[in-house]
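Please read these numbers as outputs of a predicted model, since none were measured by experiment.
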Amino acid sequence: MLKNCDDISLKFHGNVVGAYRKLVAWEGEFEQFIYIDIYTVILDSLSFVWQNLSHCRIFTSHSNLPEIRQWVWKDSIYAKNKLNKTQIEYATNTGFIASSKNILPMSWIMEKVEEALTLKDDMELLCMEQPFLNYLIVTSGYNYGSLFVFFMWGGTITKDIKLECWAGLPGGIVKGGKFTDPYKRPIFLMHWAGVLRENNGI
């Protein structure tokens, strides 16, 4: 199955990109799972995460933010009429994923590759697998969301939501051994996405 992931990355990039191997997460032995990118520090318990799978089969950390969309889709995606506005603007960070087994099986993913390749020129491929995985999530037919959206709903569906934070964001606060972002929102993990690219590390 890992070879399938490598083959998919070849179609989008012309070379093997290891980040696509996260696509096998749905083939694992666990009924529910959390995937977290390696360049991440976990700052608090993950136990709050599981309750959200009762109303959303796939969710991520941050989504539905204009500043994230540029790292998933280029402006040209709107003219293609292959995805609706809601699907495009979900534009999630795929460094954190919570889901259930077999929601996105590899057999289905392989069937979606050629369809997704018609949008290759509209994808921000600097972010490796992120555009393709966004495409899979929003066309899966399952309910999807993000911790950020749950948080902004103010706990109307789920409570005790914590968020992810980019390590380059200034103004974080540490108090009583807990980290909050500049907006005083509780943070459970911090990531360094994009730092290697900025330093020509990828």
Heavy-atom closest pair, residues [X] and [Y]:
X: M110; Y: N4; value: SD-CB, 3.8 Å
X: K22; Y: T94; value: NZ-O, 3.0 Å
X: C56; Y: G145; value: SG-N, 3.2 Å
X: I109; Y: L104; value: CD1-O, 3.5 Å
X: L10; Y: V16; value: CD2-N, 3.8 Å
X: Q130; Y: N93; value: OE1-CA, 3.5 Å

Please evaluate residues T139 and L83 with respect to the criterion side chain to side chain contact (heavy atoms under 4.5 Å, CB included), reporting the C-alpha separation (whole Å), side-chain torsions for both, the decisive distance (0.1 Å), and the verdict.
CA-CA 8 Å; T139 61; L83 298 174; 3.8 Å; yes

Do [X] and [Y] have side chains that get closer than 4.5 Å, going by heavy atoms?
X: C5; Y: V24; answer: yes
X: I97; Y: T60; answer: yes
X: D7; Y: V113; answer: no
X: K120; Y: L125; answer: yes
X: V72; Y: I77; answer: no

Just jot down the side chain to side chain contact (heavy atoms under 4.5 Å, CB included) partners of [X], sequence neighbours excluded, or say none.
X: N15; result: H13, V17
X: R69; result: W73, D75, Y78, I88, A91
X: A116; result: F12, M123, F132, Y135

Contacts of [X] that satisfy salt bridge (charged side-chain N to carboxylate O under 4.0 Å, His left out) - sequence neighbours left out:
X: E124; answer: none
X: R21; answer: D6
X: K80; answer: D122
X: E67; answer: none

Apply the test side chain to side chain contact (heavy atoms under 4.5 Å, CB included) to residues L23 and E129: give CA-CA distance (whole Å), side-chain angles for both, the deciding distance (0.1 Å), then the verdict.
CA-CA 9 Å; L23 297 173; E129 90 300 335; 5.7 Å; no

Donor-acceptor contact below 3.5 Å, side chain Y20 vs main chain M128:
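The answer is yes, because a donor-acceptor pair under 3.5 Å joins these two groups.
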
Looking at N84, is its backbone amide N or carbonyl O close enough to the side chain of Q87 to form a donor-acceptor pair, meaning the two atoms are under 3.5 Å apart?
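Flag set: sc Q87 to bb N84 pair under 3.5 Å.
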
Qualifying salt bridge (Lys or Arg N to Asp or Glu O under 4.0 Å) pairs, either residue in [range], two or more places apart:
range: residues 91-101; answer: none
range: residues 138-147; answer: none
range: residues 47-57; answer: none

Per the ring pair (Phe, Tyr, Trp, His ring centres under 6.0 Å) rule, which among F151, F150, Y144 passes with F59?
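Of the listed options, the one satisfying the test is F150.
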
Interatomic spacing from NZ in K3 to CD1 in I8 - rounded to 0.5 Å
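Interatomic distance, K3 NZ to I8 CD1, rounded to 0.5 Å: 11.0 Å.
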
Euclidean distance, L53 CG relative to S100 OG, rounded to 0.5 Å:
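Rounded to the nearest 0.5 Å, the OG-CG separation comes out at 5.0 Å.
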
Over 12 non-hydrogen atoms of neighbours within 6.0 angstrom of NZ in K11:
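Check fails, neighbour count at 12 or below.
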
Pairs where residues 91-130 contributes a residue and the test ring-ring contact (aromatic ring centres under 6.0 Å, His included) is met, not counting sequence neighbours:
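Listed once each, the pairs are F96-F188.
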
Pairs under 3.5 angstrom only: tabulate donor-acceptor contacts from the side chains of residues 25-36 to other protein residues two or more places apart or in another chain.
from, atom 1, to, atom 2, distance (Å)
W26, NE1, S99, OG, 2.9
E27, OE2, M106, N, 2.6
Y35, OH, D37, OD1, 2.4

